[in-house]
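For reference, the structure discussed in these notes is given below.
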Amino acid sequence: MPSGFKISTRKWLGMSSCSWEMGQLHHYPGEETRLEMDKFPYVALSKTYNTNAQVPDSAGTATAYLCGVKANEGTVGVSAATQRTQCNTTAGNEVTSILRWAKDAGKSVGIVTTTRVNHATPSAAYAHSADRDWYSDNEMPPEALSQGCKDIAYQLMHNIKDIEVIMGGGRKYMFPKNKTDVEYEMDEKSRGTRLDGLNLINIWKSFKPRHKHSHYVWNRTELLSLDPYTVDYLLGLFEPGDLQYELNRNNVTDPSLSEMVEIAIKILKKNPKGFFLLVEGGRIDHGHHEGKAKLALHETVEMDRAIGKAGILTSVEDTLTVVTADHSHVFTFGGYTPRGNSIFGLAPMVSDTDKKPFTSILYGNGPGYKVVGGERENVSMVDYAHNNYQAQSAVPLRYETHGGEDVAVFAKGPMAHLLHGVHEQNYIPHVMGYAACIGANQDHCASASSAGGPSPGPLLLLLALLPLGILF
């Protein structure tokens with residue numbers, strides 16, 4: 001049985017647009033380029049709706065693909081009996097994740113994300129919260145605090161105390177209110193947020209056995225100086241909030257997603273019982289919300305590099321790798337562009353209505369809606385290839401929304417054939433648990449073992465949040 005590795009992408013961007021971007025970065029036309037996830041032999045579709053939302057949010061979807069239960073939008077690690085913001089509906093409605101199942105089975109576990117480690121997707125792996133926005137107690141209403149609910153950062157350190165690898169952003173939520181950040185000393189927004197005065201980094205350190213090698217790092221230099229084969233526990237928090245976009249990343253202070261994945265796997269794979277690793281390319285989602293397709297697509301390319309690195313470091317013989325997204329975005333590209341056309345370029349014709357050019361990449365809604373002189377903006381008058389260009393949208397919104405389409409699920413390794421066809425999103429962790437003989441359904445494991453079958457191995461869940469495109 002596989003040990004398990006899950007990689008999740010978070011938003012579906014249109015796979016072809018990502019593969020073209022990857023190909024064009026290597027000076028090919030792009031259309032024929034295959035992403036690492038394109039090479040996976042099994043493909044399925046996942047229905048992403050929340051119990052109370054046709055178009056989902058990332059908290060309810062994370063609960064589905066990590067805990068195996070669909071949930072209400074905005075809630076993490078709880079069933080649909082919990083109502084968002086209502087602390088008193090939490091108790092008794094907590095649900096456990098595949099990360100917990102793996103840990104209970106003796107496997108090593110890890111979380112790697114480009115967002116805050118207490119953001120919606122990673123938090124569903126360890127927390128139970130009526131609101132995804134309760135990053136620290138500073139963001140919680142007095143009523144919730146008085147009723148005994150704990151913030152997500154607190155839960156990260158206390159619910160599952162022996163998570164071997166945690167890497168991402170979210171440093172400010174670990175420190176007392178107004179404590180100066182180690183990297184951005186003059187930035188007030190980067191200062192600590194905690195009202196309870198706790199230093200969660202020190203608490204994390206105190207929970208680790210003295211005979212184990214535990215390391216807290218806050219920059220890339222410290223991270224890369226470690227020998228992962230001698231590290232037992234690693235906490236890496238590289239930004240006060242989310243990590244920088246890959247296109248803006250400081251390669252001295254901030255590691256890339258693929259670098260974090262490589263180190264995580266090398267630490268986790270030392271366990272002979274296997275491991276579970278959740279990897280999230282979460283800033284793909286953020287780029288789309290901002291209408292900045294170039295940022296989102298470059299995040300996706302880096303996610304695909306991480307998938308490739310994971311493939312090199314693991315074996316398809318004993319590792320189940322799943323790549324998916326939590327939801328899609330209202331992102332599209334078209335316009336009858338010719339072969340080799342820049343993915344960020346113009347369509348070959350102008351609109352037959354307003355006689356103006358348009359880019360091949362567009363959004364259904366978002367901040368790219370612009371009217372100049374009572375007409376649609378003429379994009380030939382702006383730098384539409386700029387990293388921060390906001391692609392035109394049909395409806396004006398400050399932030400672009402998610403989409404409601406099914407998203408792809410790519411799988412390889414033991415039991416990967418169980419991921420085919422169209423499934424509810426909460427089916428995914430049950431397949432992974434079945435494959436690794438963890439969680440509730442283990443009746444088949446004893447018979448496999450007595451018949452001389454393989455022992456449980458690693459599990460990789462890669463979340464590549466792309467609109468209609470990449471699931472990692």
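No experiment lies behind these values; they were computed from the predicted model shown. Both backbone and side-chain heavy atoms feed into the values below; hydrogens, waters and symmetry mates do not.
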Within 45° cone and under 6.0 Å: Lys161 NZ/CZ vs Phe207 ring: yes
Salt bridge present between Asp137 and Lys150 (N-O < 4.0 angstrom): no
Parallel, tilted or perpendicular: rings of His286 and His119 (30°, 60°): perpendicular
Six-ring centre of Tyr173, Arg116 cation under 6.0 angstrom, axis tolerance 45°: no
Salt bridge flag under 4.0 Å for residues Glu164 and Lys208: no
Under-4.0 Å salt bridge between Lys172 and Glu239: no
Atom of Leu257, atom of Gly281 and distance for their closest heavy-atom approach: CD2-CA, 4.2 Å
Arg249/Asp254 ion pair, N-O < 4.0 Å: no
Heavy-atom neighbours of Tyr399 OH exceed 12 at 6.0 Å: no
Nearest heavy atoms of Glu185 and Arg191, plus distance in Å: O-NH2, 4.5 Å
Ring geometry between His158 and Tyr154 (parallel below 30°, tilted from 30 to 60°, perpendicular above 60°): parallel
Any side-chain heavy-atom pair of Ser190 and Glu183 under 4.5 Å: no
Whether Phe344 and His298 hold their rings parallel, tilted or perpendicular, with breakpoints at 30° and 60°: parallel
CA sep, side-chain torsions, deciding dist, call: His289, His402, ring-ring contact (aromatic ring centres under 6.0 Å, His included): CA-CA 8 Å; His289 281 310; His402 297 164; 4.8 Å; yes
Tyr49 six-ring centre to Lys70 NZ/CZ under 6.0 Å and within 45° of normal: yes
